[in-house]
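Notes to accompany the following structure.
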Amino acid sequence: MSQTNTDKATGESASGGGWFSRFDLVALLLEGRAFLGLIVIIVVFSWLSPNYFNVDNLLTMTSHVAIFGLLGMGMLLVILTGGIDLSVGSTLGLCGVMTGFFIHGVDLGSVTLYPALWVVVILVCCVGALVGLINGVLVAYFRVPSFVATLGSLYAVRGVALLMTGGLTYNNLDGEKALGNTGLSWLGFNSLFKIPVGILIMIAVAVVLIVMLNRTPFGRWLYATGGNARAARLSGVPTSRVTVLVFVMSGICAAIAGLVLTSELTSAGPTAGTTYELTAIATVVIGGAALAGGVGNIRGTLLGAFVIGFLSDGLVIVGVSNYWQMVFTGVVIVFAVLLNSIEYKGGRKAG
Amino acid sequence: MSAQAKHAERGAAILSARDVRKHYGGVKALKGVDFDIYPGTVTTLFGENGAGKSTLMKILSGVEQPTEGQIVLDGEPVRFASTVDARERGISIIHQELSLAPNLSVRDNIFMGRELVRNGSVDYAEEARQAAALMAELEEDIDPLTPVGELRVGQQQIVEIARSLSVNSRILIMDEPTSALSATEVEVLFKVIRDLTSRSVALVYISHHLEEALEITDYAVVLRDGSMTAKAERSEIDLPWIVRKMVGENFDLGTPPTGYEFGDVALSIESVSVADVSVAGRSAVDKLSLDVQAGEIVCIYGLMGAGRTELLEAVAGGSPLSGGRVLLNGRNISGLSIAQRIEAGLCLVPEDRQRDGLVQTMTVGRNLSLASIGSFVRGMLLSRRAENDLVNDAIRDVTVKTDGPHAMIGSLSGGNQQKVVIGKMLTTQPKVILLDEPSRGIDIGAKAEVFRLLAERAKQGTAVVYSTSEVNECLSIAHRIVVMGRGRIVAEFGPDVPKEQIMAASGESAAA
Ligand SMILES: Nc1ncnc2c1ncn2[C@@H]1O[C@H](COP(=O)(O)OP(=O)(O)OP(=O)(O)O)[C@@H](O)[C@H]1O
Ligand SMILES: [Mg+2]
């Protein structure tokens, strides 16, 4: 039972006798459009380049997808409540820098503390959560529009990352055996059962969020808040708390993405993740979510992440110039939203 | 006199529907309807919630296209490409659900989409002048520059009416234009309607206030389940006839439930004040005190703007008190959140269903269960089975006409959406339930059903506070009638009071 409007079309068709076939087909096309897009992308690029559809390249591509997917899922939560989070790219950058900072040791004057990797992971997630908390409180309790609040943190957080490093990059993030803080590269390079750890993390986060959205009161509150915050509040939904938590979760997702990216790059630069907030929005939108809130799901966003990741890597592999890559990506996003608006026209009518 | 002769007398139909069918997926909203509108007459369309009235009107005004059948305008078959197309041919419509932009002013809403242009720019002065003239015609004291979002629902409805009047159309369709209007405002509207018919404008009127509709009707048509079941001249019909044709039997709204003792005071409102949001320094509710016992049904009667909505919303926790306190079974709940109040057993059915009652992106089922999520959590997860049981019970209890719990809320007829809002709150098993004009847009059968449900709950010990601007409703449900005016209680009556007395107390002329 998902929350999309296509559900309605299928619901109707189930009881619709003669209309069954037509409605089902339309619903299927709309629901599956991101999936179809993905298949088209894979087929076209496999045909254009023999290097596209092989194990090595698929692994590279999925590790990119993991980053977009993680950011996108956090973004989806915010968008479902009718807000937007422009700070995820900067948060990702700051969290990467923080990772480097902690691994290189925290200087406490007399001693230098080297936290174990799991402690680093927790601390970095807390940093992401903190950024989200600030965003959320600004939006929910100080009534700053989310666009403005997170635009502010887009700049401020990036600034903090640059200040911390003086614009430089942390290299050598392997840690030392003697200090007990090794293992970061495991996140980005290793695989379990031949699947890269990055993508497994993405799947784990996705499973948690799917359960949260569909099976917990909080998930229901989130959809209700995005659909009509006033009505939700009058029905006893703690809409302010929902808003704060959603930004916190988005911050944590960005932190996890930051950890994975840092590990993949084996370096932490303060400018990592610049403009990734836009990619994240694109994955959500391609996945069929409505920017107005209340409509969208994790499955769609993940598909969106695959579409964006497989498309941009494919363009690189077939040797399309950087400039054309941007043009193609733009066209795909607009096309996806176009399909979206067709869906809404058919699906929503006042009674 | 034969039907043929009558038609001849009235002149040719200006707009007709011929065997019109409309299907939404599997739902057959209209099953072959013939419908005629004549110049200079008011044709009233009666029918239960979900009978297809709004659908038929949407088709006649170009909002929707018929699945099958024909529209005939001035004897010629036509197809309206859009509402603008229909408007240009002289047809305009007041929709059941308000369609105003809350951030724009009254003036801008009235002229939205057809701004008066002079020398290449919008002539705001002229627009404001015309808007003010319309407000004067409707005898409403509204500044044309006020943002619509700041107006009461009733005033918004007036703006909606003014907008359709400003077009000077030949055919004017009004889909429940009076659901939020006071009796005086309705009188003014009727004066305007009579004026229009004398200028041979053709009107279609839809309302669930049957007595009121009868007053203005020339010609009545009854729809039932998507088919036309009866049509007749005003002179041939009366109220029982309409009800019989609408629902197949005669309905009596009944009398207040008796035969049991009230319990202790369940809700105690102690000198509560609420600030007026639109006028700084003024109080919408002024040191009002009211006690309601368990099992008692209290009606709060008053004109629009008497402060009823503000009072109920503040008691339910939707807006802050500026003074006083609220006790639930002796416990001070003034500091609790809305969720905590619902948990404690106090809930509100809000007045404006689109803005405050429904989550439009959700299904019927999820709207119904939204206020009682806590009751179907097992462990940390929602139990689908428990939720389905709850939702199905609610759909049955308040008789929602729907495809099923998975239908989107927007696919329901207006009255059925209203039933969902009521059902949602009844499902929370409240000890005190506040209802703000809950009968807006529900048909007479459903109203009787809601009254029956409330009476049943009252017998089980629920305290009911019911706000209404219809005297008849007070008389058929209330144990006690409280009249509010200017934020205070101005009079209190028992159940056997003549309605003229109630209306006089509220400062309303007993004309209606
Ligand atoms: N967009 C839609 N999708 C699916 N079903 C719809 C849609 N619009 C209307 N219906 C169905 O068509 C039927 C007729 O609805 P309509 O709104 O015309 O009723 P109505 O007579 O105006 O009722 P009310 O008095 O409650 O306003 C209802 O069963 C409704 O559920
Ligand atoms: Mg209707």
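Reckoned from all heavy atoms, side chains included, excluding hydrogens, waters and symmetry mates. All chains are named by letter (A, B, ...) in the order of the sequence lines, taking the proteins before the strands, and each is independently numbered beginning at 1.
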Intermediate values then yes/no, side chain to side chain contact (heavy atoms under 4.5 Å, CB included), A:R233 and B:I338: CA-CA 7 Å; A:R233 199 175 74 89; B:I338 298 176; 3.9 Å; yes
Straight-line distance of A:R215 CZ to B:R384 CZ, nearest 0.5 Å: 4.5 Å
From CG (A:L234) to SG (B:C347), nearest 0.5 Å: 11.0 Å
Neighbour count >12 (heavy atoms, 6.0 Å) for atom CZ, B:R152: yes
Proximity breakdown for B:S372 and chain A, heavy-atom pairs closer than 4.5 Å: neither
Candidate pair B:L381 and A:V211, rule side chain to side chain contact (heavy atoms under 4.5 Å, CB included), full reasoning: CA-CA 9 Å; B:L381 300 181; A:V211 172; 4.0 Å; yes
Spacing of CE belonging to B:M362 relative to CG belonging to A:N228, to within rounding of 0.5 Å: 10.5 Å
Part of A:P217 within contact of chain B (heavy atom distance under 4.5 Å): both
Region of B:K28 that comes under 4.5 Å of a non-hydrogen atom in chain A: neither
Gap between atom OG of A:S235 and atom CD1 of B:I342 - 0.5 Å precision: 6.5 Å
Approximate separation, where rounding is to 0.5 Å, of B:L370 CG and A:W221 CH2: 10.5 Å
Chain A interface, residue from B:G374, B:P350, B:A339, B:G50 that has the most non-hydrogen pairs under 4.5 Å: B:A339
B:Q429, CD atom: more than 12 neighbouring heavy atoms under 6.0 Å: yes
Sequence neighbours excluded - salt bridge (charged side-chain N to carboxylate O under 4.0 Å, His left out) pairs with any residue from residues 347-356 of chain B: A:R230-B:D356, B:E97-B:R353, B:D352-B:R355
Part of B:Q354 lying under 4.5 Å from any heavy atom of chain A: backbone
Most chain A-contacting option - heavy-atom pairs closer than 4.5 Å, from B:G379, B:G317, B:A316, B:G318: B:G318
Candidate pair A:M212 and B:M380, rule side chain to side chain contact (heavy atoms under 4.5 Å, CB included), full reasoning: CA-CA 10 Å; A:M212 185 192 86; B:M380 276 175 60; over 6 Å; no
